[in-house]
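In what follows, a single structure is set out as structure tokens and then discussed.
Atoms considered below: every heavy atom in the structure, side chains included; atoms not considered: hydrogens, waters and symmetry mates. Numbers restart at 1 for each chain; the letters A, B, ... are given by sequence-line order, proteins then strands.
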Amino acid sequence: MKAFGYVSAKDLEHAIALLGEHGARAKILAGGTDLLVELKHAVHNPEVIVDVSRLHELKTIAVADDGLHIGALVTHSDIMNSPVIRDMFPALVAAAHSIGAMQTRNLGTLGGNLVTCVPSMDSGPALIALDASVTVASTEGQRRMPLFELFVGPRKTSLKPGDLLVDIIIPKENLGKPAAFEKFGLRKGQALALVNVGASFWIDREKSVLVAPRIALGAVAPTVMRAPKAEAFLDGCKISAEVMAEAGRIAAMEAKPISDFRASADYRRDLVAVLVKRALANAQARATAKEKELVA
Amino acid sequence: MTDVTMIVNGQVRGASVPPETTLLQLLRDNFNLTGAKLGCDVGDCGACTVIVDGQAVNSCLMLAGQAEGRQILTIEGLASREWLHPIQTAFENSGALQCGFCGPGVLLSAKALLDENLNPSTQEIRDALSGNLCRCTGYTKMIEAVQDAARLLREESRTQLTHARTEATAP
Amino acid sequence: MKRRGRGIACMWYPIGFTVDANASAATVKVNEDGTATVLTGTVETGQGSLTVLGQIAAEALGIATDDVHVVSADTDTTPMDTGAIASRTTYVTGNAIWLAAEAAKAILFETAAPMLGVKVSQLEARDRKIQVKSFPQRNVSIGEVAHRSQVVLGQPAIGSASWNPPTVAMDPETGQGKPFATYVYATQIAEVDVDDETGEVEILRIAAAHDCGTAINPMLVEGQVEGGISMGVGMALQEEMLFDANGRHINPNLTNYIMPTSLDMPEIAVDIVQGYDPTGPFGAKGVGEPTAVPTAAAILNAIHDAVGVRVTSLPATAEKVLTAIKAKRAAEVKQIPA
Amino acid sequence: MNEHSRVLERDELEIAETLRSPDVDLRLPPVLPREPYPIEPLTPDARQQTRAVGQRATRSDARLHGLGQTKYIDDLSFPGMLYARIKRAGIASARIKRIDTSAAEAMPGVMAVLTGKEIPTNSFGPTFQDQPVLADPIVRHAGDGVAAVAAVTEQIANEALAKIVVEYEPLPAVLDPVAAMREDSPKVHAPNSNIYATKVVRKGDIEKGFAESDRIFEARFSTQMIEHVSLEPHAAIADWDANGRLTIWATIGRITLARADMARTLKLPMSRIRIIGTIVGGNFGGKNEISQEPALALLSKKTGRPVKGVFTRGEEFTATTTRHPIIMDYKTGVSNKGRILARQIRLVLDGGAYCSWSATTLGKACILSPGPYKIDNVVAEAFVVYTNKTMTGAMRGFGAPQVCFAYESQMDDIAKALGIDPLEIRLLNAFDEGSSSPTGQVLHSVVIKESLRKAADRFGWEPRS
């Protein structure tokens, strides 16, 4: 690694002050699993590293009035071990579990994973499918925006120098929304996604139709994308295996994958169709299980 | 330069290093704890695995400064003078390591697993070891060894054997 | 939908090439307490060869594995060795060590014969003793004999030897001849699930039966088989070095060069086939490389069995398998109207 | 949240020792006392048994492995030791017009720079001496080294590599082995043909065999380039002492050959070279020959200090040997009952830029390619071809896994076409004790049918109707 300065922030206020002071000359170190690799490959040559990994206030998982708040420094392992998330959002647990391996999940943070903005990130689709938003802090104060707006392009976020991602919020109305995460990689352990999919919907039990369906796709576009046509198709549809398969086919048409050495665009489209179908089926299974729980 | 102080294998150690020093470099070059290995330098192979505050991490992906004030367990701290850790005994007895280069990392991943779960399933063991690449063993005997170690540890906790153990990670 | 299949593959593999000189030399020194030190120029590369070579020396001397210390891999101090290659160490280096141990033992027998009042030819070394054949109660400890040899008689029990599988030229026109001293044989059978929507192949289990002649150390033989299978799994499904149009590597890292992790490996059941090769040390041949030979073939045959497609280029990535499945379906659709 | 994750404050800690930074020349001695570990009670019984052969004795190095005490090359350091790095060409085929090392040499902490011109005999190789230690002037694959640097830290050495300026004249490259076989293709080692070794095995009368066959099966199979991925990268330390004697600590599987190769490249008597092999952290054929060692030796000679070189993971892929991709054409004639009567095979091995162990691999692949079967009529031809890619060499199986994939795939295709169980067709054709191999060798200790039956039993193989 090229030489750089290093400063460890004591708390959020300190971190924001440091980021305000150093601006574009600084890179933020959270879990470090991506940043250190980039520093070693000289992708970035920052003058200073602002280490925010000690900000305890960003390591909490809590349900507040407006929804579930997950601190940006919550690690993937923390998500896997969180009773709240395990109960409400097994899809987020599945996404976290699919990232890297134990060692990188212990280091890597949710916020860090999102701001890498790599097309194949696993946290993104699961959260987008739940209409997550994020809080960003800077010397100018805090602001809230939809997570979707964070993603601008491959490795490019809408964050400006001096901005710090503080937390991720799943809105109140989506707490407990049946959701699922599906991923396909080139192997089972330490796999990067060739395609990943997050899906969620409510079920109107009286009419037995799908309501507010969300389908988010990863690794098939410059950033995580929604599949609006597939969502529109599903909205109000009666649940059936055929409908889910058709939604998968529609989503596959919407996906904009590229061909690279890992897979061809055609194959990625095939995977989208299959994974969307499976994610929807898993979300439905989740809904059914949850209902049984409630009845019992 | 960054001044760091941390507890390594139960001892407080300090050093003054350039900020770009990784925890792995600090351990190997400054503290002469060469058990953790450099295999890929980017967190793919797990040969550099150490336990920080009870959690297995890739020491090549941490800056030395991040380890300030933390408790580090390296392979050198797993055994004590009187006592081989059951994981070490089990790996030795079942021939679970061949060239041994991945070994320190694998053993510490196994320790992190068994600290949380004394009765892991085969799938849970495979999951815990999936961050440690091994080219020699096909992982088969490693998985057997972790199962053996879990059994040894369960027996030990059942019989309340109070060995004078100096466990570096004890809070 | 997941479809299950099984595939079998067998193989042969040579041990001890003879087309070029393939020598190993060794020295066995029996210490005056009856333990032994072995000098060999081979290198421990993880396979456990130093343990196996120590067992061979111990067996020849009638002592235990723990009584033998093996010194290796120093051109200043250890005798020449062709090296840790070609699955030759147990067979070739093992033979050299066995012969060297026999030479050292001959010195011990010279010392022991008058102690026991018999001829050298009537002696054998067993259980850390030199004893009279068929009369094991007439014995003297190897330690005592070694001490007497070295300290009293001034004849330290040191043996050196070399061994080379006889070098033979092949017919250059027809390639006819005896290119290798011996061969080992093996069979592996794989069971897989193939996801016919994604092409993903999951290997459920592999049964492997390997011949290595006498298994000097069955635990280490199993370790070799299991490790060889993991390389075969990578070859079958995952691993490939890729180049761009200018000949530069695309994936020179372990992120994008996909090799098996613990989650990618199946359950493995290893059997050692009973065998004995009179030309090897105590009947042993070798095992290192052959373990990686039939795995990919067995897996590809299992894929064929599961979904009826023959993937002819490795690795059989999920994409390749799915492409073949789709091509097969398309061909079937075409056949129906005709 | 993890209960352990309380961060201790500095004033809670009592510092036992403080160390200086590593950016000084010398390293500090080890600090942890090495306590003895009890040997006796933990030594498993098998190590104490006589008879020793057949025992599941634990490995003699197992304890040290488990304690993290096994010393691999990168764990060794010597007073005054320097760190070497090699600049890689990054271009597949080129002529070096100019190398300017002056900016690198001027850097503080850089102790020596080496180029190919300074190597006494700048070629090595176990079969043909066709590989340069550092390319001069022809670059034949992207992983070729072009210059080496020794510096007081690895970081400085890395930074120095970036300051070495190399001017290349690009040359046409050939990457496809079949294309490389054509007369008009660019020559990797001009003016020689790219086909650098061939092997033929002929037995019986192949035409007659095919004529007598009821069915003939033809197929083409191909395999990929594979890296050994030893977890320990290639590493060595060279120390050229004041007596003019060179000691090399190396992670290498063939020290006898390594010494001979070092003596040749350095034009040094063998008595002046000592190679010490440490425990190799994985070999699989990838560490069967020297690579950076002559460069390290000369850097040590230039500086009078020990020099360590450890390959990066990237260099493990680009600058070391790999497994041969092979294109395999199989034509097999069988009787309706499933007996193989004739088999014709043609193998084309992608040999990469240098021979390494390709000729050996070629031979083994060719001899083994008909499979472990009694076949009276065989023709197997094999060619290995230079291309402008990473050199291929020895790797676990020397060509056998590739041909086994081909012959066993075709075996199943034949079985399926003839309606014979895959196990049965193998038992029908497999060698017996005393069978004649494709090279006419009378085989002994043949247990292939036993292995087939044993594996089938273990697996629970039942014939399907």
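- Taking T42(C), D211(C), T82(C) one by one and counting their heavy-atom pairs under 4.5 Å with chain D, the maximum is reached by T82(C).
- Neither the backbone nor the side chain of Q238(C) comes within contact range of chain D; no heavy atom of the residue lies under 4.5 Å from a heavy atom of that chain.
- The greatest number of non-hydrogen atom pairs below 4.5 Å with chain C, out of N388(D), V229(D), I91(D), is found for V229(D).
- Two residues are said to be in side-chain contact when any heavy atoms from C-beta on lie closer than 4.5 Å; Y13(C) and P401(D) fail this criterion.
- Side-chain atoms of R426(D) come within 3.5 Å of backbone atoms of I8(C) as a donor-acceptor pair (strictly under, hydrogens ignored).
- For Y276(C), the part lying under 4.5 angstrom from a heavy atom of chain D is the backbone only.
- With hydrogens and angles ignored, the 3.5 Å screen pairs a side-chain donor or acceptor of T439(D) with a backbone N or O of G177(C).
- Residue Q55(C) comes nearest to Q55(D) through the heavy atom pair NE2-O, 3.1 Å, listed as atom of the first residue, atom of the second, then distance.
- Looking at D171(C), there are no atoms closer than 4.5 Å to chain D (heavy atoms on both sides), in backbone or side chain.
- In this structure, the portion of N246(C) lying under 4.5 Å from any heavy atom of chain D is its backbone and not its side chain.
- With a 4.5 angstrom heavy-atom cutoff, A394(D) does not touch chain C via any of its atoms.
- Heavy atoms closer than 4.5 Å to chain D are found in both the backbone and the side chain of A292(C).
- Contacts of A9(C) with chain D are made by both backbone and side-chain atoms, with heavy-atom separations under 4.5 Å.
- When each of E450(D), M270(D), E227(D) is scored by its heavy-atom pairs under 4.5 Å with chain C, the top score falls to E227(D).
- Using a distance-only test at 3.5 Å, with no hydrogens or angles considered, no donor-acceptor pair links the side chain of R274(D) to the main chain of D74(C).
- Contacts of K287(D) with chain C are absent, with no heavy-atom separation under 4.5 Å from either backbone or side chain.
- With a 4.5 Å cut-off on non-hydrogen atoms, L368(D) touches chain C through its backbone and its side chain both.
- The part of E173(C) that comes within reach of chain D is its backbone (N, CA, C, O), which places non-hydrogen atoms under 4.5 angstrom from that chain.
- Ranking D76(C), T279(C), V273(C), I216(C) against chain D, the residue ahead of the rest is D76(C), based on heavy-atom pairs under 4.5 Å.
- Contact of the Y185(C) side chain with the F431(D) side chain is registered, since non-hydrogen atoms from C-beta on lie closer than 4.5 Å.
- Contact annotation: the side chain of M11(C) never approaches that of E408(D) to less than 4.5 Å [non-hydrogen atoms, C-beta and beyond].
- Between the side chain of T223(D) and the backbone N or O of L314(C), no donor-acceptor pair lies under 3.5 Å.
- Counting heavy-atom pairs under 4.5 Å between each of T390(D), L257(D), I279(D), T322(D) and chain C puts T390(D) at the top.
- Proximity to chain D is limited to the backbone of A245(C), based on heavy atoms less than 4.5 angstrom apart.
- At a 4.5 Å heavy-atom cutoff, D457(D) makes no contact with chain C through either its backbone or its side chain.
- The main-chain N or O of F180(C) is found under 3.5 Å from a side-chain atom of Q441(D) such that the two form a donor-acceptor pair.
- Remark: the backbone N or O of G440(D) is paired with a side-chain donor or acceptor of Q176(C) at under 3.5 angstrom.
- With salt bridges taken as basic N to acidic carboxylate O contacts below 4.0 Å, none links K454(D) and D271(C).
- Within the 4.5 angstrom heavy-atom criterion, no atom of A298(C) approaches chain D.
- Between the side chains of T291(C) and R396(D), at least one donor N or O lies within less than 3.5 Å of an accepting N or O.
- If you measure heavy-atom distances from K449(D) to chain C, you find no contacts under 4.5 Å at all.
- The parts of Q402(D) that come within reach of chain C are both its backbone and its side chain, each placing non-hydrogen atoms under 4.5 angstrom from that chain.
- Of the possible polar contacts, one joining the N217(C) side chain to the A57(D) backbone as a donor-acceptor pair under 3.5 Å is found.
- Heavy-atom distances place no part of A23(C) under 4.5 Å from chain D, backbone and side chain included.
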V447(D) and Q274(C): side chain to side chain contact (heavy atoms under 4.5 Å, CB included), yes or no, with the steps?
CA-CA 8 Å; V447(D) 291; Q274(C) 288 296 320; over 6 Å; no

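- Side chains of K416(D) and R310(C) form no contact here, defined as non-hydrogen atoms less than 4.5 Å apart.
- Without hydrogens or angle criteria, T51(C) side chain to R59(D) main chain gives no donor-acceptor distance under 3.5 Å.
- Of the atoms belonging to M231(C), it is side-chain heavy atoms, and not backbone ones, that fall under 4.5 Å from chain D.
- In this structure, the side chain of T50(D) does not engage the main chain of G62(C) through any donor-acceptor pair within 3.5 Å.
- In this structure, no portion of V68(C) lies under 4.5 Å from any heavy atom of chain D.
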